[in-house]
There are 2 protein chains.
Amino acid sequence: MAKVRGSDAGPPLDGRTAWSCVAALFMGPQNHSRFNEAAQELGLTAGALKALLTIHHHGEQPMRDLATALHCDASMITQIVDALEARGLAERVPSPTDRRVKLVRLTRAGHRAFDRAMAHLSVAPEAVLRLSAQEQATLARLLLKALSLADPPIDPPNLRPAR
Amino acid sequence: MAKVRGSDAGPPLDGRTAWSCVAALFMGPQNHSRFNEAAQELGLTAGALKALLTIHHHGEQPMRDLATALHCDASMITQIVDALEARGLAERVPSPTDRRVKLVRLTRAGHRAFDRAMAHLSVAPEAVLRLSAQEQATLARLLLKALSLADPPIDPPNLRPAR
DNA sequence: TATTGTTATACTCTATAACTATA
DNA sequence: TATAGTTATAGAGTATAACAATA
């Protein structure tokens, strides 16, 4: 397979092009509402689902840190964590070192909710499933490798029911 | 490279796993707000940007069809198209066959806005850029192929300034 | 009468400001 | 005094309902 180059021969074969394709697939007509759908399925707002993903990713952490990660005001976090707590997906724990601080962490149900959300977000577009089995395997291998190269590394997908 | 299989040997190497990785990367801390950012950069709401992408994808179409594609009420479309029109990104054209119907289409500025939005959405995560040049090339090739297999086929990314 | 699109209005989600408790 | 989190309130975005024009 020869490398295609030059101004009129197509886009450069690099990571940027690769991710452009991902964006095109993700924003395609069949996918562009996945996130909101996943949130609705869990009875959450988009903001609350974002928070849930972030808590899962960073683990137990102060409310304040969550506000920083989500680029929003602390009061927003109060409301969002209220919603998560009301649904039994997260809980507040007093910090052992600073009595002003409350830590947030996911409950067992919260982890299950995370898995459900990712399952919904992971439904592959038709176009990807039309690649040959071998091509899909190569794609999966490369992307799993990318996950492992992230800093910090991202866990490989958990496609089975729940933890 | 041997194929890894079995219940404890890792996720299956298929399209679903591949797309799960994409979702994990897309929803990662550095990426999960890209869509809103892209909208804000253009001075649009998320809904308006969705509409812009849809109009680009489907081309000139009745307001009603847009409402169907976006799963929302027609009145929402009125408001969104008002916003796009106010920014010179789209325009209403009377249907030649049915005087009740108005067609919506992107202006030249609208197409430029689309390109800007996609450029913003296409910024690859660090993790992808850490793959070797050859791995990135393979990834790009496979994803470009997937785009071409979509129904209807999706245009390869336009990474240069504007049309 | 049925359908397209608009206008008017209410609701949800998010952002801003003032407040309490602790450091 | 400075910081963490909460409460109260206002604003933006979206959805619902009633309406005018055309089929």
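In this text the structure is predicted, and so the values were computed from the model without any measurement.
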Legend entry - Nucleotide nearest A:Asp73 when distance is taken to its side chain, options C:dT4, C:dA17, C:dT6: C:dA17
Inset, instruction - Among residues two or more places apart or on two chains, list those pairs meeting side chain to side chain donor-acceptor pair (under 3.5 Å) that have a residue in residues 74-90 of chain A. - result: A:Asp73-A:Ser75, A:Asp82-A:Arg92, A:Glu85-A:Arg92
Legend entry - Euclidean distance, atom CG of residue B:Leu66 to atom C1' of D:dT14 [Å, nearest integer]: 15 Å
Inset, instruction - Using atom CD of B:Glu91 as one end and atom C1' of C:dG5 as the other, report the distance to the nearest whole Å. - result: 18 Å
Inset, instruction - Using only side-chain N and O atoms of A:Arg100, determine if any of them is under 4.0 Å from OP1 or OP2 of D:dG5. - result: no
Inset, instruction - Name the closest nucleotide to the A:Asp98 side chain, picking from C:dG5, D:dT22, C:dA23. - result: C:dA23
Legend entry - For atom CE of B:Met63 and atom P of D:dT22, their distance in whole Å: 16 Å
Inset, instruction - Classify the angle between the aromatic ring planes of A:His111 and A:His56 as parallel (below 30°), tilted (30 to 60°) or perpendicular (above 60°). - result: perpendicular
Legend entry - D:dT6 OP1/OP2 closer than 4.0 Å to side-chain N/O of A:Arg92: yes
Inset, instruction - Assess the side chains of A:Glu135 and A:Thr138: does a donor N or O sit below 3.5 Å from an acceptor N or O? - result: no
Inset, instruction - Run the salt-bridge test on B:Arg16 and B:Asp14 with the 4.0 Å N-O cut-off and return the result as yes or no. - result: no
Inset, instruction - Output the single nucleotide from C:dG5, C:dT22, C:dA15 whose closest atom is nearest the side chain of B:Val101. - result: C:dG5
Legend entry - d(NZ, B:Lys102; C1', C:dT3) in whole Å: 14 Å
Legend entry - Nucleic acid contacts of residues 35-44 of chain A, taken as heavy-atom distances under 4.0 Å to DNA chain D: none
Legend entry - Integer-rounded Å distance: D:dA15 P and B:His71 NE2: 12 Å
Legend entry - Linked, directly or transitively: B:Val101 and B:Met63 (ILVMFWY side chains, under 4.5 Å): no
Inset, instruction - Specify the separation, in whole Å, of atom CZ of A:Arg99 and atom C1' of C:dT20. - result: 14 Å
Inset, instruction - Output yes when at least one side-chain N/O atom of B:Arg64 is less than 4.0 Å from OP1 or OP2 of C:dA2, else no. - result: no
Legend entry - Close side-chain approach of B:Asn36 to B:Leu49, heavy-atom, < 4.5 Å: no
Inset, instruction - Determine the minimum heavy-atom distance between B:Ala23 and A:Ser122, stating which atoms define it. - result: CB-OG, 4.1 Å
Legend entry - In one Ile/Leu/Val/Met/Phe/Trp/Tyr side-chain cluster, 4.5 Å: A:Leu139, B:Leu129: no
Legend entry - DNA chain D contacts among residues 75-86 of chain B, heavy-atom distance under 4.0 Å: B:Ser75, B:Met76, B:Gln79
Legend entry - Interatomic distance where CG belongs to B:Asp65 and C1' belongs to C:dG5 [whole Å]: 13 Å
Inset, instruction - Find out whether A:Val123 and B:Trp19 are in side-chain contact, i.e. whether some heavy atom of one side chain is under 4.5 Å from a heavy atom of the other. - result: no
